[in-house]
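Index from 1, following the sequence. Both backbone and side-chain heavy atoms feed into the values below; hydrogens, waters and symmetry mates do not. Quick caveat, the model's predicted, so the values are computed rather than measured.
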Amino acid sequence: IRVNGPASLQDLLDVWQPLCDDQTLFKQYAEGNYALCKGCQLNCCSTAYVIPDLISFKKMAAFLGVNRADFIARYFHREKLNSGLLRLQPNPCVFLQNNICTIYAVRSLICRFYICSHLLGDTEELIYKIAWTGAAATQVYAEQRGLIPAIGTGELSSFDRLFVRLLEEYRDNDAVQVFMEAEDYRDIPLHLFLPAGKEFAYADYSD
């Protein structure tokens with residue numbers, strides 16, 4: 001990523017989106033393996049396990065014109081909520097209508113980053129670290145404001161518990177607080193998620 005100054009999470013998103021639109025990039029589930037992600041009828045979002053990052057959580061509620069408590073009550077899986085887990089209603093995703101995402105502009109990081117192409121280990125680690133830090137920030141935010149109970153064990157499947165472990169692993173990350181204070185992805189420095197010595201986030205941008 002080459003930018004004029006320290007890179008933000010938004011800079012990463014800006015260079016990631018073209019991958020979804022790249023018809024020369026091999027995509028495992030795309031028609032003929034080379035197609036735009038837009039219009040894909042497989043719709044992995046039909047069954048995706050989505051816990052929104054905090055930026056998207058706030059933007060979704062504003063986009064829908066509801067307060068955050070009502071947003072949770074209307075659009076999140078009720079049984080999981082009772083156990084303190086913020087999962088959007090699935091099978092299909094509550095925001096998928098006629099195979100189209102109705103909140104595409106404010107969709108969560110896990111949705112933005114999903115692409116059915118092989119990712120190198122460092123890249124895969126980076127995007128999951130970002131997405132799960134953001135999801136953990138949502139969990140902490142909702143707990144602190146009494147919007148959900150603390151995570152328990154009732155009504156949670158073994159699959160749910162996998163995500164609970166991830167949330168617990170990330171909730172004490174310093175970057176969670178950055179998500180809590182940020183208003184947009186541009187407010188989140190990318191270097192927080194990079195291994196020491198990775199300087200590409202600071203390269204100069206040239207027109």
Is there a donor-acceptor pair closer than 3.5 Å between any side-chain N or O of [X] and the backbone N or O of [Y]?
X: Lys27; Y: Ala35; result: yes
X: Arg161; Y: Leu156; result: yes
X: Asp53; Y: Ala135; result: no
X: Asp22; Y: Leu19; result: no
X: Lys129; Y: Leu194; result: no
X: Asn173; Y: Ala175; result: yes
X: Asp187; Y: Glu183; result: yes
X: Thr138; Y: Pro52; result: yes

Handout entry: Output field: ring centroids Tyr75/Phe95 closer than 6.0 Å
Key = yes
Quick check for you: to the nearest 0.5 Å, what is the distance between [X] atom [atom1] and [Y] atom [atom2]?
X: Phe57; Y: Leu147; atom1: CZ; atom2: CG; answer: 6.0 Å
X: Cys20; Y: Arg112; atom1: SG; atom2: CZ; answer: 10.5 Å
X: Ile115; Y: Leu25; atom1: CD1; atom2: CG; answer: 5.0 Å
X: His118; Y: Glu124; atom1: NE2; atom2: CD; answer: 8.0 Å
X: Phe26; Y: Asn33; atom1: CZ; atom2: CG; answer: 4.0 Å
X: Gln89; Y: Leu81; atom1: CD; atom2: CG; answer: 9.0 Å

Practice task
Over 60° means perpendicular and under 30° means parallel, so classify the ring planes of Phe163 and Tyr49, tilted if in between.
Solution key: parallel
Exercise for the section: Considering only NZ, NE, NH1 and NH2 on the basic side and carboxylate oxygens on the acidic side, decide whether Arg171 and Glu168 come within less than 4.0 Å. Expected result: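 Looking at Arg171 and Glu168, the cut-off is met.
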Exercise for the section: Using a strict 4.0 Å threshold on nitrogen-to-oxygen distance, state whether Lys59 and Asp184 make a salt bridge. Expected result: yes
Is the number of heavy atoms from other residues, nucleotides or ligands under 6.0 Å of [X] [atom1] greater than 12?
X: Tyr128; atom1: OH; answer: no
X: Arg145; atom1: CZ; answer: yes
X: Asp174; atom1: CG; answer: no
X: Gln17; atom1: CD; answer: yes

Practice task
Determine, stepwise, if the pair Phe193 / Leu12 fulfils side-chain contact (heavy atoms from CB on, under 4.5 Å).
Solution key: CA-CA 12 Å; Phe193 307 97; Leu12 177 59; over 6 Å; no
Exercise for the section: Could you walk me through whether Ile51 and Trp132 pass the side-chain contact (heavy atoms from CB on, under 4.5 Å) test, one step at a time? Expected result: CA-CA 9 Å; Ile51 301 173; Trp132 281 105; 4.1 Å; yes
Exercise for the section: Test Val140 against Gln177 for side-chain contact (heavy atoms from CB on, under 4.5 Å), laying out the working first. Expected result: CA-CA 9 Å; Val140 172; Gln177 187 59 40; over 6 Å; no
Exercise for the section: Would you verify whether the NZ or CZ of Arg107 falls within 45 degrees of the ring axis of Tyr104 while also being under 6.0 Å from that six-membered ring's centre? Expected result: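 Yes, cation above the ring, under 6.0 Å and within 45°.
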Would a 4.5 Å heavy-atom cut-off, applied to side chains only, mark [X] and [Y] as touching?
X: Val176; Y: Gln139; answer: no
X: His77; Y: Pro90; answer: yes
X: Leu126; Y: Phe113; answer: no
X: Lys80; Y: Leu86; answer: no

Exercise for the section: Go through the steps to decide whether Phe179 and Tyr141 satisfy the test ring pair (Phe, Tyr, Trp, His ring centres under 6.0 Å), and finish with yes or no. Expected result: CA-CA 10 Å; Phe179 263 94; Tyr141 174 90; over 10 Å; no
Practice task
Apply side-chain contact (heavy atoms from CB on, under 4.5 Å) to Tyr185 and Asp11, showing your working.
Solution key: CA-CA 9 Å; Tyr185 295 122; Asp11 292 314; over 6 Å; no
Practice task
Test Ile55 against every option in Ile188, Leu109, Leu9 by the side chain to side chain contact (heavy atoms under 4.5 Å, CB included) rule and name the one that passes.
Solution key: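 Passing option: Ile188.
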